[in-house]
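Shown next, in structure tokens, is the structure this report addresses.
Model, not experiment: these values are computed from the prediction. Residue numbers count from 1 along this sequence.
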Amino acid sequence: MRQLSFMAVALVVIYLLAAALALGQGGNPPASTKESGQTSGKGMTTVEQSGKSVAQQKAPARRYINLPNRAVQAPFSDGVLVGDTLYVAGRIGIDPKTGKPPEDLEQEIKILLDGIRSTLQESGMTMDDLVSVQVFCPDVSLYDKFNSAYRSYFGKEYPARAFVGSGPLLREAHFEMLGIAVKR
């Protein structure tokens, strides 16, 4: 019986390997591939392969955004711009003078959202360029209070968003927000 199980497993592995090879999974292009040297103007080079054109795209350049007035020197960037997409790091509303969230909850929210807006502005974007946002909050009863301030930072449309009940946040903050923006 044991020998039969081993054989069944071996046959499944052989079948999967044969299927992957038949589908052309992995491997490099054939040796007959040659570059024509023409570019499309968007970082792409045309490659001729057996009479067909295939585009090879270079990875977009990255720009690391770090705000000059950053109070804490942590091992991350405020944002990373890749092409037209900005990945905004998680941000909490910390008073730069005390290193703690302000006693006034509305002031904490304002500091948080102003920080997100500053990161976007540093990369040539606005809050309306945000396409996805995640907000973490240890006390989801603060949902309405957060939303009343949040609404004022946008035009007519809002990004997709998750408001997530979380455990405690750094420095006893009430909110942490991160997002992704795409330049219009």
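- Closest approach of Gly93 and Pro102 over heavy atoms only: O-CD, 3.4 Å.
- Residues that satisfy the side-chain hydrogen bond (donor to acceptor under 3.5 Å, both in side chains) test with Tyr150, not counting sequence neighbours, are absent from this structure.
- Closest of all the heavy-atom pairs between Ile116 and Met177 is CD1-O, 3.7 Å.
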*Verify side chain to side chain contact (heavy atoms under 4.5 Å, CB included) between Cys137 and Tyr143, making sure each step is shown before the conclusion.*
CA-CA 8 Å; Cys137 178; Tyr143 178 78; over 6 Å; no

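- Annotation for Ala89 and Ser77: closest pair CB-O, 3.2 Å, computed over non-hydrogen atoms.
- Lys110 NZ to Ser152 OG: the interatomic distance, rounded to the nearest 0.5 Å, is 9.0 Å.
- Shown here are the side-chain hydrogen bond (donor to acceptor under 3.5 Å, both in side chains) partners of Arg62, two or more places apart in sequence or in another chain: there are none.
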Donor-acceptor pairs are to be reported for all side-chain atoms of residues 78-86 against protein atoms at under 3.5 Å, with residues two or more places apart or in another chain.
| from | atom 1 | to | atom 2 | distance (Å) |
| --- | --- | --- | --- | --- |
| Asp78 | OD1 | Arg91 | NH1 | 3.4 |
| Asp78 | OD2 | Leu67 | N | 2.7 |

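- At a threshold of 4.5 Å between side-chain heavy atoms, the hydrophobic network of Ile, Leu, Val, Met, Phe, Trp and Tyr places Leu112 and Leu142 in one connected group.
- Separating the CD atom in Gln121 from the OG1 atom in Thr119 is a distance of 9.5 Å, to the nearest 0.5 Å.
- Not a single side-chain hydrogen bond (donor to acceptor under 3.5 Å, both in side chains) links Lys145 to another residue, sequence neighbours left out.
- Closest approach of Gly165 to Val140, counting heavy atoms only: CA-CG1, 3.5 Å.
- Residues Pro101 and Ile92 form no side-chain contact, since every pair of their non-hydrogen atoms from C-beta on lies 4.5 Å or further apart.
- Rounding to the nearest 0.5 Å places OG of Ser141 at 14.0 Å from CZ of Phe146.
- Atoms NZ and CD, from Lys100 and Glu103 in turn, are 9.0 Å apart once rounded to the nearest 0.5 Å.
- Under the side-chain hydrogen bond (donor to acceptor under 3.5 Å, both in side chains) criterion, Glu108 pairs with His174, not counting sequence neighbours.
- Cluster membership check: Tyr153 shares its hydrophobic cluster with Met125, using side-chain heavy-atom separations under 4.5 Å among Ile, Leu, Val, Met, Phe, Trp and Tyr.
- By the rule that hydrophobic residues join a cluster once side-chain heavy atoms approach within less than 4.5 Å of another member, Ile111 and Leu169 end up as members of separate clusters.
- Counting non-hydrogen atoms of neighbouring residues, nucleotides and ligands closer than 6.0 angstrom, the CD atom of Glu172 reaches no more than 12 such neighbours.
- The shortest heavy-atom contact between Ser123 and Ile65 is CB-CD1, 4.0 Å.
- When hydrophobic clusters are built by joining Ile, Leu, Val, Met, Phe, Trp and Tyr residues whose side-chain heavy atoms come closer than 4.5 Å, directly or via intermediates, Phe175 is grouped together with Phe154.
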*Which is it for Asn66 and Glu122 under the side chain to side chain contact (heavy atoms under 4.5 Å, CB included) test, yes or no, and what are the steps along the way?*
CA-CA 8 Å; Asn66 290 298; Glu122 188 69 24; over 6 Å; no

Distance-only donor-acceptor hits, side chain of residues 126-136, under 3.5 Å, sequence neighbours excluded:
| from | atom 1 | to | atom 2 | distance (Å) |
| --- | --- | --- | --- | --- |
| Thr126 | OG1 | Asp128 | N | 3.2 |
| Asp128 | OD1 | Gly155 | N | 3.0 |
| Asp129 | OD1 | Arg184 | N | 3.4 |
| Asp129 | OD1 | Arg184 | NE | 3.4 |
| Asp129 | OD2 | Thr126 | N | 3.0 |

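- The structure places CG of Asp114 at 11.5 Å from CD1 of Ile109, a figure rounded to the nearest 0.5 Å.
- In this structure, Glu176 CD and Ser166 OG are separated by 8.0 Å, a value rounded to the nearest 0.5 Å.
- Counting all heavy atoms, side chain and backbone alike, Ile94 lies closest to Gly99 at CG2-C, 3.3 Å.
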